[in-house]
Visitor: 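Take this structure first; my questions come after.
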Amino acid sequence: MRRVQIWSVLVGLWLLLILPALAQAPGVQIEDPDTVLGSQESVRRAAQRLADEGARVIVVAAGPSAGQTPSQAEQFLDALLARRNIAPNSGQLQPNDILLYVARDARWTLLLYGQRWKDNLDPVFQSIQVEQMNPRFASGDLAGGLVAGLDAVRTTINPPVPTVVYLLGGALVLTVIGVVAVPLLKKRRVSADALAAARERMQQARKTAGAAIADLDRLVEQAQAKAEYDRISYSQGNIERLQSLQAKGIQLFHEAQDAFAAGDDQQEAKAVLAIADYDAISAHYARAQEIARQASAAIGEAESLRAQFDAQGTPNTGPTTRLRE
């Protein structure tokens with residue numbers, strides 16, 4: 001009996017030591033009590049990509065359950081985290097945790113993370129919310145906003161690796177083997193150079209497309225700010241023309257982001273990429289850049305129309321009547 005008691009104590013101590021580590025282990029947990037996400041598949045894939053970087057990823061999306069105000073939404077989140085044994089509250093996440101939260105009815109979002117990720121995310125977490133997540137949330141695309149936020153966090157934690165070409169091994173082999181191996185080594189070098197060139201094209205295409213999308217993101221934000229005043233500045237017909245162009249631009253903006261993400265996904269799908277793979281990935285980024293150009297053109301056309309309407313001075317309140325003196 002005494003031996004059983006000793007073993008029970010040892011097992012209890014072992015559990016006390018290992019359970020905190022298990023609680024911080026990489027993984028994905030999605031909470032959607034009001035099923036506001038519809039299908040969770042795209043969110044789960046994006047969360048798993050982030051978890052593969054070593055994080056425990058918690059995604060919470062709620063509708064009426066989270067209330068109508070930010071304070072109610074925060075209380076709901078704290079209660080859910082405690083109930084699921086994730087954390088005592090949103091301010092006490094585990095060091096390895098990354099949490100994304102959207103409360104639809106309260107119009108409130110959060111991007112929270114543990115101590116491990118502070119150096120990476122402190123400088124950028126607000127811009128990720130404002131530029132990547134909130135525009136999609138505002139359009140009603142909760143899943144898309146969460147995917148954009150998860151992917152932005154992942155690329156911040158683990159940015160694309162720059163091109164590195166290793167030629168020392170080939171040079172050493174050439175020295176050892178001598179003249180007999182020269183033709184073979186030349187052939188291999190041609191292949192290596194072609195592969196490196198394909199990789200460089202892909203990385204340049206990614207860089208160019210990323211810059212185009214970043215510029216477009218700022219343009220969309222400015223256009224949305226101006227659109228708030230359209231209804232008090234122009235006639236109904238002119239407002240509809242502006243809304244149509246701006247909606248087209250925003251839709252294309254989302255398509256450009258999707259094309260860019262498709263390139264990233266294909267790049268991660270294989271451990272070793274061939275020239276054809278790099279070319280296919282470059283095509284995704286080129287498509288993202290072209291769609292971004294089309295979106296900029298649509299938003300630019302809307303801006304030109306505003307300038308035209310302003311020059312015409314057309315009011316939206318009907319004819320005016322001079323006061324009698």
Side-chain angles (χ1 to χ4, degrees), residues 11-63 65-66 73-74 76-104 108-122 124-125 128-129 132-133 136-137 141-161 261-262 264-271:
V11 169
L13 291 173
W14 179 78
L15 288 174
L16 288 175
L17 291 173
I18 196 172
L19 285 177
L22 290 175
Q24 300 182 48
V28 172
Q29 186 164 347
I30 298 177
E31 298 290 340
D32 183 13
D34 300 313
T35 62
V36 295
L37 295 179
S39 173
Q40 298 180 3
E41 187 59 31
S42 62
V43 177
R44 188 172 298 278
R45 288 198 304 267
Q48 187 58 56
R49 289 194 294 267
L50 179 55
D52 290 342
E53 302 296 337
R56 183 174 71 153
V57 183
I58 304 102
V59 178
V60 181
S65 295
E74 184 173 11
F76 169 82
L77 177 62
D78 288 343
L80 184 144
L81 294 177
R83 188 167 62 251
R84 296 288 191 267
N85 294 320
I86 296 171
N89 54 61
S90 59
Q92 300 183 55
L93 295 180
Q94 297 293 337
N96 201 40
D97 288 348
I98 297 176
L99 183 147
L100 280 75
Y101 176 39
V102 55
R104 183 195 63 192
W108 197 58
T109 65
L110 279 178
L111 169 54
L112 304 175
Y113 43 88
Q115 184 67 32
R116 176 183 175 185
W117 311 109
K118 283 181 64 64
D119 291 344
N120 296 99
L121 296 179
D122 272 356
V124 299
F125 78 96
I128 291 175
Q129 284 184 259
Q132 302 297 328
M133 298 168 61
R136 290 200 173 189
F137 291 155
D141 185 7
L142 301 188
L146 290 170
V147 170
L150 290 163
D151 285 341
V153 171
R154 175 177 56 83
T155 55
T156 298
I157 290 172
N158 185 17
V161 179
D264 281 354
D265 289 344
Q266 188 169 345
Q267 186 178 171
E268 295 170 359
K270 294 183 180 180

Visitor: Hey, could you give me the CG/CD1 distance between Asp119 and Ile157, rounded to the nearest 0.5 Å?
Guide: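 Between atom CG of Asp119 and atom CD1 of Ile157 there are 11.5 Å.
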Visitor: Under the side chain to side chain donor-acceptor pair (under 3.5 Å) rule, what do Arg56 and Asn96 come out as? Steps first, then yes or no, please.
Guide: CA-CA 6 Å; Arg56 183 174 71 153; Asn96 201 40; over 6 Å; no
Visitor: Taking all non-hydrogen atoms of both residues, which atom of Ala73 and which atom of Ala103 are closest, and how far apart?
Guide: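 Smallest heavy-atom distance, with atoms named: CB-CB, 3.7 Å.
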Visitor: Restricting to ring pair (Phe, Tyr, Trp, His ring centres under 6.0 Å), what partner residues turn up for Phe125, sequence neighbours left out?
Guide: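 Counting only residues at least two positions away or on another chain, Phe125 forms a ring pair (Phe, Tyr, Trp, His ring centres under 6.0 Å) with Tyr113.
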Visitor: What are the two closest heavy atoms between Ala46 and Val147, and how far apart are they?
Guide: CB-CG1, 4.0 Å
Visitor: To the nearest 0.5 Å, how far apart are CD1 in Ile128 and OG1 in Thr156?
Guide: 4.0 Å
Visitor: Atom CD of Gln94 and atom CD1 of Ile58: how far apart are they, to the nearest 0.5 Å?
Guide: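 Going from CD on Gln94 over to CD1 on Ile58, the span is 9.0 Å.
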Visitor: Would you please test Leu150 and Arg154 for side chain to side chain contact (heavy atoms under 4.5 Å, CB included) and show each step?
Guide: CA-CA 6 Å; Leu150 290 163; Arg154 175 177 56 83; over 6 Å; no
Visitor: Please name all residues satisfying side-chain hydrogen bond (donor to acceptor under 3.5 Å, both in side chains) with Asn120, sequence neighbours left out, ordered by chain then number.
Guide: none
Visitor: How long is the straight-line distance from OG1 of Thr155 back to CZ of Arg49, given to the nearest 0.5 Å?
Guide: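 Rounded to the nearest 0.5 Å, the CZ-OG1 separation comes to 10.5 Å.
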Visitor: Has Asp122 got more than 12 heavy atoms of other residues, nucleotides or ligands less than 6.0 Å from its CG?
Guide: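 Count over threshold, so yes.
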Visitor: Assess whether side chain to side chain contact (heavy atoms under 4.5 Å, CB included) is satisfied between Leu99 and Ser90, documenting all intermediate values.
Guide: CA-CA 9 Å; Leu99 183 147; Ser90 59; 6.0 Å; no
Visitor: Can you name the closest pair of heavy atoms from Leu142 and Phe137 and give their distance?
Guide: O-CE2, 3.2 Å
Visitor: Quick one: ring pair (Phe, Tyr, Trp, His ring centres under 6.0 Å) partners of Phe76, sequence neighbours excluded?
Guide: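 With sequence neighbours excluded, Phe76 shows a ring pair (Phe, Tyr, Trp, His ring centres under 6.0 Å) to no residue whatsoever.
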Visitor: Any non-hydrogen side-chain atom of Gln40 less than 4.5 Å from a side-chain atom of Val59?
Guide: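 They are not in side-chain contact.
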Visitor: According to side chain to side chain contact (heavy atoms under 4.5 Å, CB included), who are the partners of Arg84, at least two apart in sequence or on a separate chain?
Guide: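 Expected list: Gln29, Glu31, Leu80, Ile86.
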Visitor: Of all the heavy-atom pairs spanning Trp117 and Glu53, show the shortest one and how long it is.
Guide: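 Here Trp117 and Glu53 meet closest at CH2-O, 4.0 Å.
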Visitor: Between Asp151 and Asp264, does the side chain to side chain contact (heavy atoms under 4.5 Å, CB included) criterion hold? Intermediate values first, please.
Guide: CA-CA 10 Å; Asp151 285 341; Asp264 281 354; over 6 Å; no
Visitor: In Å, rounded to the nearest 0.5 Å, how long is the span from CG of Leu112 to OH of Tyr101?
Guide: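 If I round to the nearest 0.5 Å, the distance is 10.5 Å.
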Visitor: Can you list everything that forms a side chain to side chain contact (heavy atoms under 4.5 Å, CB included) with Asp34? Sequence neighbours excluded, please.
Guide: Val36, Ala62, Pro64, Ser65
Visitor: Measure the CG-CG distance between Leu81 and Leu77 for me, rounded to the nearest 0.5 Å.
Guide: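 Output value for this atom pair is 4.5 Å.
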Visitor: Looking only at heavy atoms, what is the nearest atom pair of Arg116 and Gly54, with distance?
Guide: NH1-O, 3.0 Å
Visitor: Under the side chain to side chain contact (heavy atoms under 4.5 Å, CB included) test, which residues partner Gln48, sequence neighbours left out?
Guide: Val28, Ala51, Asp52
Visitor: Heavy atoms only: give me the nearest Ile98-Ala55 pair and the separation to one decimal.
Guide: CD1-CB, 3.8 Å
Visitor: Apply side chain to side chain contact (heavy atoms under 4.5 Å, CB included) to the pair Val57 and Val153, showing each step before the final yes or no.
Guide: CA-CA 11 Å; Val57 183; Val153 171; over 6 Å; no
